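One structure is given here, and the rest of the page talks about it.
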Amino acid sequence: MSRVLHGVIPAAGIGTRMGSEIPKQYLRLLGRTLLEHSLHAMLRVPGMQSVTLALHPEDTTAAGLDILGDARVNTVAGGAERVDSVQAALRAVPGTRDDWVLVHDAARPCLQQDDVMRLVDVVLTQGEGAILALPVVDTVKLADAQGKALRTLDRNRLWRAQTPQMFRLGELLDALESAQAAGATVTDEASAMEHAGYPVHLVPGAASNLKVTVPEDLQLAEWYLSRQGEH
Ligand SMILES: Nc1ccn([C@@H]2O[C@H](COP(=O)(O)OP(=O)(O)OP(=O)(O)O)[C@@H](O)[C@H]2O)c(=O)n1
Ligand SMILES: C[C@](O)(CO)[C@H](O)COP(=O)(O)O
């Protein structure tokens with residue numbers, strides 16, 4: 001069975017919730033764009049053979065960054081939704097169906113190597129897919145359409161999905177296609193794998209691996225990045 005690793009980074013979003021003049025993946029923290037931070041984290045993973053970036057079809061910014069200089073980096077045009085961008089990138093991965101792929105959001109620039117390595121270790125030991133995730137710490141309510149609480153969920157069994165999410169390339173491609181065909185909501189890769197009946201291990205991640213979504217996330221991400229630089 002293959003132990004070859006590839007990376008995919010969906011980076012074709014427009015950052016509506018950030019509301020910045022440029023797409024948020026090109027905002028800079030400590031001198032590097034969010035996309036560069038995320039890409040470097042992927043390229044640093046031992047054994048990473050390629051990283052495929054899904055970029056917005058009208059993206060002219062990536063070409064001006066040094067990141068495309070690494071021979072392992074490929075780009076493709078992304079799609080209308082994150083899942084479309086991930087599918088486009090997966091189809092362009094220069095690997096075999098048996099190889100492993102780690103899908104990581106460009107918008108998660110503070111990924112730490114020890115977290116990725118724990119994920120890779122679980123996957124290669126178990127031979128099954130896994131994602132980084134965080135146990136929920138708040139009390140969580142299920143609401144009706146009017147915003148009235150219906151009931152309280154058992155938070156001991158609730159996790160917040162992060163990225164990277166690591167699966168076999170061929171299985172993930174097939175799972176995404178069948179979930180799409182069935183009209184299932186696919187907000188991450190794991191949801192497609194669950195839909196197809198595959199096990200998905202939850203590997204505890206770190207709060208620092210936040211998804212930069214709204215303006216106030218930028219300061220926090222910069223603080224996490226500056227702390228990482230100290231070690
Ligand atoms: N059509 C899309 C939409 C999103 N993404 C990527 O998926 C990741 C997670 O998406 P999100 O944080 O929602 O980014 P945006 O879609 O840009 O933000 P928003 O939803 O606020 O518009 C980001 O790295 C984003 O660039 C993508 O590749 N293609
Ligand atoms: C994949 C993800 O980051 C896991 O939490 C998340 O689902 C992406 O959601 P978004 O709305 O596309 O940011």
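Not measured: the values here are computed from a predicted model. Counting starts at 1 for both ligands and their atoms, following the listed order.
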Can you list, by chain and residue number, every protein residue with a non-hydrogen atom closer than 4.0 Å to ligand 1?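 Contacts of ligand 1 under 4.0 Å: P10, A11, A12, G13, I14, G15, T16, R17, K24, G79, A80, E81, R82, S85, D105, A106, A107, K211.
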
Flag yes if more than 12 heavy atoms outside [X] fall under 6.0 Å of its [atom1] atom; otherwise flag no.
{"X": "D66", "atom1": "CG", "value": "no"}
{"X": "Q180", "atom1": "CD", "value": "yes"}
{"X": "R3", "atom1": "CZ", "value": "no"}
{"X": "R44", "atom1": "CZ", "value": "yes"}

CG/D217 to CZ/R17 distance, rounded to the nearest 0.5 angstrom? 9.5 Å

Among pairs that include at least one residue of residues 137-155, which meet salt bridge (charged side-chain N to carboxylate O under 4.0 Å, His left out), considering only residues two or more places apart or in two chains? none

Would you mind listing each N/O atom of ligand 2 next to any protein N/O under 3.5 Å, plus the distance?
unit_1	atom_1	unit_2	atom_2	d
ligand 2	3 (O)	D105	OD2	2.6
ligand 2	3 (O)	R108	NH2	2.9
ligand 2	5 (O)	R108	NH2	3.1
ligand 2	5 (O)	A161	O	2.6
ligand 2	7 (O)	T187	O	2.9
ligand 2	11 (O)	R17	NH2	3.2
ligand 2	13 (O)	R17	NH2	3.4
ligand 2	13 (O)	K211	NZ	2.6

Using the side-chain hydrogen bond (donor to acceptor under 3.5 Å, both in side chains) rule, collect all pairs that involve residues 186-198, keeping only residues at least two apart or in two chains.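 Passing the test, one end in residues 186-198: R82-E189, Q165-D188, D188-S191.
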
Heavy-atom side-chain contact between L55 and V76 under 4.5 Å: no

Path from V73 to W100 over hydrophobic side-chain contacts below 4.5 Å: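 Result: yes, single cluster for both.
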
